[in-house]
Each structure stands twice: as structure tokens, then as C-alpha cells.
Q: 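This is the structure, below, for whatever I ask next.
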2 protein chains.
Amino acid sequence: MGHQVTIKDIAKQLNVSVATVSRALRDLPDIHPDTKKLVLDLAKEWDYQPNLLATSLVKSKTKTLGIIVPDLGYYFFSTVIKHIEEAAIKAGYSLLITQTQESYERELTNIQNLSRGQVDGIIISLSRETSNFEHLTRLQRRGIPLVFFDRNCEDIQASKVMVDNEQSAYEAVKHLIENGCKRIAFLAGPKNVSVSNQRRLGYIHALEEAGLSVDPSLILHSDYYQDTARSQTHLLMQSDNRPDGILVVSDRLAIGVLTALKELKIRVPEDVKMVSFNNEPICQVISPTITSVSQPLDEIGRISVELLLAQIEQKTGESIPKVEVLKTNLVVRESSTKRN
Amino acid sequence: MGHQVTIKDIAKQLNVSVATVSRALRDLPDIHPDTKKLVLDLAKEWDYQPNLLATSLVKSKTKTLGIIVPDLGYYFFSTVIKHIEEAAIKAGYSLLITQTQESYERELTNIQNLSRGQVDGIIISLSRETSNFEHLTRLQRRGIPLVFFDRNCEDIQASKVMVDNEQSAYEAVKHLIENGCKRIAFLAGPKNVSVSNQRRLGYIHALEEAGLSVDPSLILHSDYYQDTARSQTHLLMQSDNRPDGILVVSDRLAIGVLTALKELKIRVPEDVKMVSFNNEPICQVISPTITSVSQPLDEIGRISVELLLAQIEQKTGESIPKVEVLKTNLVVRESSTKRN
DNA sequence: GTGAAAGCGCTAACAG
DNA sequence: CTGTTAGCGCTTTCAC
């Protein structure tokens, strides 16, 4: 072959100017029906495909949204992306999806790449390692629209789509208390992730409201590995004053907890009750089924796009960063309720 | 702000030509150290970012690989992509990830988009719906490098990375037979997916070799929904001559099968034994743990990139399409073996 | 209706 | 060492 067919090739063949071809292809007015037909037919015959890079370059917009998530392997992220994509397509945009694998370095290079003219705006959920936010403020200074979802940076003024983590943790713990738990542990995620901190607040709030003491030794930080949760549970359960309820920051970790409890022959929910977050499909197939906080993944995706497009397509000078806080929903299953 | 800083802005400010700036930025020889320093300093100060579209346009290569998969929500695909990304980054390439949601239409538009100059080549796993392959041959005619993995098209000459589906199904069924199964059903996936057909061959091969009859009523095609597997299992188990072993085309469907069996109070593995494909993490946390065929996801990813880059970066005229067939590994767990 | 020309941001000869 | 020129493929005035 050699090279792709261009507008120029068609123009030459038809003895017209490239401008004319361009007009025909884009269905603009002011073109003779015959010329147009000629162009379209040849374009079809030659399987002409417009070069998006060229178009984007001259229009200085790409009709593409950049997505940065920690890990596509997480149900949460792949599902949100599915809904982001749906909304984007509907609005005539494509997606450029990247992942950081929870690495700050990778986040840096991804941001940089995307900000080199590849996308009109970026939707991001921060890596676990990220505690320096200069790369993000730099983006904003350069005028590149940015929307956070889930894992955000509290200090940055930007559009954000969050769930009410504090409230959902509060409700989860309250649920445990109502089911008889007196001593509730919290397996939190990594320490510097905003989501964990917000949930801790809700956890504490519920305990205090019920007149239960907050025991710092019952709050354990960790990574996102199942095995860490497993060993932490072992430790937790070997103390003399062991918990009768556990709030776990994610379903993944919850499975680590269940594994440990099974090893220790501690029954769930009879001896210990558990609630976790995300409501992944696995919650309903594992035994015992897991009570989990369900997040509105469709809305998170849809609204992220909405807020980003609002910035991108703003006709009117400024756009105020808008923060959406969505409600969650506790899905009660076996792991937290008495067997009947 | 208005617009991004360009090479021209820097040139103007420093009273040099854009060529000089370009040289300095790209660390080319033939440039005075002082000029270079001047340029680099200003570029840093102004947070200059090269426009990738412009570079790609002039070089007519993007250093980006397009990825098309049916669904990022599948463990198989998100994990393969993780390894594709690793290999790509190592080779200096970025990824443009898209998904079809198993829709032929979406595959069409994704292919088209990517082929409009956005990527140097494409790695694809076909959608379930795809039975017309013109969009792919058209790609090839236009000289755009293409590599298939997992779900491929047998009739197209192209580089492919596959696993030995026939052999792995053969081994899986043989394993069931060795564990006492006499009447083995096969929950295959969608009918027109190459993977399913290959596995069916292996299934039949193992039965015939053991002198067991092949009963067509034991081979059930379906979609990829857990619930379909569940209802199919109900049907299967209500026949008078029900199976004592089931080969399931994916772990997802296997969970549907387990659900149905639990509802029917049929014990696994005592009454029925089961083997499935993919070896997702869930296999080891569900009860009973699932015997499953593990695929070399890292190699699939790595080799896909390798074969694609071989085509992209070929110096020497032609490149022969290369088909890699990788070995799988049966991971034996509770669902297929006698309890002790 | 159509064409010529300029330009998006950058690279790549080719002079000097 | 540095500048000039042309051009990647396309859109967009502005003439005619």
C-alpha cells in the first residue's frame, strides 16, 4: 500500500481542489450535488478515512476524553468506565483510557502524555501513592479541564464526583450495632487515600453516637491486598478482647478477612459480623454472602462526563467547579445478620 | 491562559528560530550549549509540552497501540491489558484502550476510529457478535498492522496469539473422566465464537478416546450471562439421565452452574464434578473451590505486543503473520475431586 | 460553487 | 551552530 488515502489524492483524481473535497466529505452547503456525489463515491471506493490527528490539530480539539484510573482490574473502575464510555459516546466523544497501577510515577507520565494535546479534558481517580499534587495543579494552570471521581484531592478546587463516604460508613456501622455488635474494628485502606479517611469519620461518628468507645487499636490501615487483610484479621482475632464486628474498606479485603476467619474457625455472622464496600458481584456468590455498600456506578460515570463536558464546552467564560456527592445504598446479606 | 505554549512562543521570546528550539528540546547535536540551556530553561518555566498530534502528523507514526476488547470488566481482558501495557511502555509505546461491550457495531466504530491515524497498529479480541470480518480485511488492505488474541477469526491471515483451546478442553475432560465421570456435559459459550468451537473439539476428543458416547443434548450453547448458565443447569439436571460432570466455558458461567446446583441440593463434587476456564481469583475463594484452566495472561499480553511491533517496526519489506499457540495449565481444586 | 492561500504545531532537509 | 523552507492532512477565510 504505502500510505493512506488523503483528501489530496481524491482532489487530484477528480481534478478539484482539496477544499472542495473537504466540503463534500463534511456535508457542507455550497457544493454542487454532482461534485459531491463524485467525491463521496470515490472516497468510498478508495476506503478513505480522514486523519483525526490533522483534524484535531487544526481545530485544536480532539473530541476525546482522557481517563486515568488506578487499576482496570477493579470492578469499581471498569464498571465506572463502562458508564463513562456510554455517556461519552452519546456526546460524540471517544475515550483514551489509561491506568496507573497505583503508581505515582505512572500517574505523572499518563497525565503528561494526555496533556500533550491528545485529549480535551481528563477524568481521574488518583493512585494510592499520590500525595503530591503539583502535576494536577499544573494541568489546571494550563487550562486543561479536569474532573476527579472517587479518589480525589481535597485541597484542589475542581469538579468532583464523590459518594458520601462518611455517611455510608456511618450507616454501615450503625447497622452492625443494631445487629448486636459492641466492639467493631475498621480495616481501612491505605492511610493517605481520602476515601479511607472519610469512612473513618463515619465509623467514629456511629460508635460515639451509640456510646461505644473508639479503640485506636481496632483501626488498621493497609494496602489493597487480600493477603494483608488476612494477616491483619489474624492479629485482630488473637487479641484477648477481640471484635465482634468488622467494617472493611472493600469487598476484596473482605474476602481476605473471611479467609482468615475460616482458618480460625470463627463463624460469620454468628461470632463476628462484617460489612464491606463496593457491592461487587462476588458478594452474592460467596458464602456467607457479604453485606456491602453499593455505590451508584452509573451515576458516577455519567456525572463525571457531564461535569467534564460542562468545562470543555463552556461557551461562557468561567465555569465554577462543581462537586457532586452521591448517595450509597447498604445491601444487607448474610455476613451481618443473624442466621434464621 | 488561552492556549498552550508552543515551540513558536519560545522561539519568539528567545529570538531564535523554531528549528533551533526543536533541536534543543529533542537533545539533538549541533546546538550551542548556551542556546540549549536557554531554551530548556524557558520551556521548563513555561511548562511547555510538545503537541503529540503535530509530531505524529509529521512523522506519520503515533507511538500508540490501539487495543480493542469485548469488555474491560472481564478479569481475562483487564489482566491481559495490564501485561500489554507493561510491554508497550517498555518499548516506548502508549495504549489507546477501547471496548466493544460485545457489540459488532461498537467494534466497527472502534476499528474505524483507531484506523484514522490514531495508532500505529491494533491488538484485538473480537466481540461475540462479530461474524462478518470485512472491517478487519479492510484494515489489512490499508496496511494497518493487526494482531488477534483469544477470540480470533480463523479465516484471516494475521498474527495471532492463542492458547491451545482444544488441548486444554481435552485435558480438562480427561481429568473429569479420571475422577470417575461417565456422562459429561459441556456448557459452551456463544456458538460463533472460535474459542468455544475449539474447546468442543477437545471435549469430544477426550470422550471418544475414553470410549464414552458423545450426546449432543449435553452440549449447550449460550451467552456469557451467569443466569443463563443457571437455568441451563436446571434443565440439564432435570433430565432423567443427568450428567455427573460438567465442563464450563468460563468461571463466570461456572458460578451460575454452582448456584443452580446449590438450589437443586446437588452436591459438588460428590454428585457432580465441574471444571471451568480462566482460573479467575474467585475460583479459590468460592466454596467449593473451582478447578479451572489457567491461561498464561502475561505471555498473551507480552507476545501480542511483540508480534504487533514486529509488523510496525519491520525494516525488511514483508513480515509473515505469525501464530503463537500457548499452553494452558489445569489448576485442580475441590470442584472436580473427591472429598477426603 | 469552487479554488487559492494560510495555518494548526511540529520535523526535516538544505543552506549558510 | 543556526535559520529558511517545505510539508504532514486537514480546515478556513477570502476571492472569484
Side-chain angles (χ1 to χ4, degrees), chain A residues 1-40 42-43 46-64 113 115-120 142 144, chain B residues 1-40 42-43 46-64 113 115-120 142 144:
Chain A
M1 278 263 39
H3 83 139
Q4 309 296 329
V5 178
T6 73
I7 220 176
K8 212 163 145 189
D9 299 325
I10 296 182
K12 202 182 299 170
Q13 171 76 10
L14 260 34
N15 264 317
V16 296
S17 73
V18 291
T20 302
V21 176
S22 176
R23 283 192 196 101
L25 255 16
R26 283 177 301 153
D27 202 25
L28 293 185
D30 284 349
I31 181 155
H32 194 95
D34 294 354
T35 342
K36 184 164 162 183
K37 182 166 177 7
L38 240 40
V39 170
L40 291 182
L42 187 59
W46 282 358
D47 193 16
Y48 164 79
Q49 299 290 343
N51 185 311
L52 258 35
L53 301 185
T55 315
S56 298
L57 186 57
V58 36
K59 295 203 168 180
S60 53
K61 57 183 177 188
T62 61
K63 284 283 178 178
T64 303
N113 244 303
S115 75
R116 263 118 121 106
Q118 310 229 69
V119 300
D120 295 342
R142 289 176 52 211
I144 297 176
Chain B
M1 279 262 38
H3 83 139
Q4 309 296 328
V5 178
T6 72
I7 220 178
K8 210 161 145 192
D9 299 326
I10 296 182
K12 202 182 299 169
Q13 171 76 10
L14 260 33
N15 263 317
V16 296
S17 74
V18 291
T20 302
V21 176
S22 176
R23 284 192 197 98
L25 255 17
R26 283 179 300 155
D27 202 24
L28 293 185
D30 286 347
I31 180 154
H32 194 95
D34 293 355
T35 338
K36 184 165 163 182
K37 183 166 178 5
L38 240 40
V39 170
L40 291 181
L42 187 58
W46 282 358
D47 192 16
Y48 165 79
Q49 299 290 343
N51 185 313
L52 259 34
L53 302 185
T55 315
S56 298
L57 187 56
V58 39
K59 296 205 168 180
S60 53
K61 58 183 175 187
T62 60
K63 284 281 178 179
T64 302
N113 245 303
S115 76
R116 261 116 121 109
Q118 308 229 69
V119 300
D120 296 340
R142 289 175 51 210
I144 297 176

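Just so it is clear, the structure is predicted and the values come from calculations on it, not from any experiment. FYI, side chains are in, hydrogens and waters are out, and symmetry mates aren't considered; it's all heavy atoms of this structure. So that the names make sense, note that chain A is the first sequence line, chain B the second, and so on, each numbered from 1.
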Q: Heavy atoms only, 4.0 Å cut-off, all strands: where does D30(B) land among base, sugar-phosphate and nothing?
A: base
Q: If only atom types and distance count, is the side chain of R23(A) paired as donor or acceptor with the main-chain N or O of K36(A) below 3.5 Å?
A: no
Q: What's T55(B) touching, base or sugar-phosphate or nothing? Going by heavy atoms closer than 4.0 Å.
A: sugar-phosphate
Q: Round to a whole Å and report the spacing from NZ of K12(B) to P of dT2(D).
A: 20 Å
Q: Test side chain to side chain contact (heavy atoms under 4.5 Å, CB included) on K12(A) and V18(A) and set out the steps.
A: CA-CA 8 Å; K12(A) 202 182 299 170; V18(A) 291; over 6 Å; no
Q: Rounded to the Å, how far apart are Q4(B) CD and dC10(C) P?
A: 10 Å
Q: Does T64(A) reach the main-chain N or O of T62(A) with its side chain, forming a donor-acceptor pair under 3.5 Å?
A: yes
Q: For L57(B) and dA12(C), give me the distance from atom CG to atom P, rounded to whole Å.
A: 12 Å
Q: Using whole Å, what does the distance between atom C1' of nucleotide dG3(C) and atom CG of L14(A) come to?
A: 15 Å
Q: Indicate, with a heavy-atom threshold strictly under 4.0 Å, whether N15(A) touches base, sugar-phosphate, or nothing.
A: sugar-phosphate
Q: Answer with base, sugar-phosphate or nothing: what part of the nucleic acid does S56(A) contact at a heavy-atom distance below 4.0 Å?
A: nothing
Q: Using atom types as modelled and distance alone, determine if a side-chain donor or acceptor of R142(A) lies under 3.5 Å from a backbone N or O of S115(A).
A: yes
Q: To the nearest angstrom, how far is D9(A) atom CG from dC8(D) atom P?
A: 10 Å
Q: To the side chain of H3(A), which of dT11(C), dG9(D), dT2(C) is closest?
A: dG9(D)
Q: Whole-Å distance between dT13(D) P and K59(A) NZ?
A: 11 Å
Q: Quick one: the side chain of R23(B) and the base of dG3(D), do they pair up donor-acceptor inside 3.5 Å?
A: yes
Q: Within the supplied structure, the quantity of interest is the number of heavy atoms (other residues, nucleotides, ligands) at a distance under 6.0 Å from K63(A) NZ; does it exceed 12?
A: yes
Q: Within the structure shown, what part of the strands sits under 4.0 Å from R26(A) by heavy-atom distance: base, sugar-phosphate, or nothing?
A: base
Q: Below the 4.0 Å mark, does dG3(C) have OP1 or OP2 next to a side-chain nitrogen or oxygen of T20(A)?
A: yes
Q: Rounded to whole Å, please give me the gap between CG in D120(B) and P in dC8(D).
A: 18 Å
Q: Closer to the 5' end of DNA chain D via nearest nucleotide, is it S17(B) or A54(B)?
A: S17(B)
Q: With distance as the sole test, does T55(B) use its side chain to make a donor-acceptor pair with the main-chain N or O of N51(B) at under 3.5 Å?
A: yes
Q: Take atom CG of L53(A) and atom C1' of dT11(D), then tell me their distance rounded to the nearest Å.
A: 15 Å
Q: For a quick check of understanding: with a heavy-atom distance under 4.0 Å over all strands, which category does P50(A) fall into, base, sugar-phosphate or nothing?
A: sugar-phosphate
Q: Find which nucleotide of DNA chain D each of S60(B) and V16(B) is nearest to by heavy atoms, and output the residue with the more 5' nucleotide.
A: V16(B)
Q: Measure from the side chain of N51(A), starting at C-beta and using heavy atoms only, and say which of dG9(C), dC10(D), dC1(D) lies closest.
A: dC10(D)
Q: Report the nucleotide, chosen from dC1(D), dC10(D), dC8(D), that has the shortest atom-to-atom distance to any side-chain atom of H32(B).
A: dC1(D)
Q: For K8(B) and dC8(C), is the shortest distance between a side-chain N/O and OP1 or OP2 below 4.0 Å?
A: yes
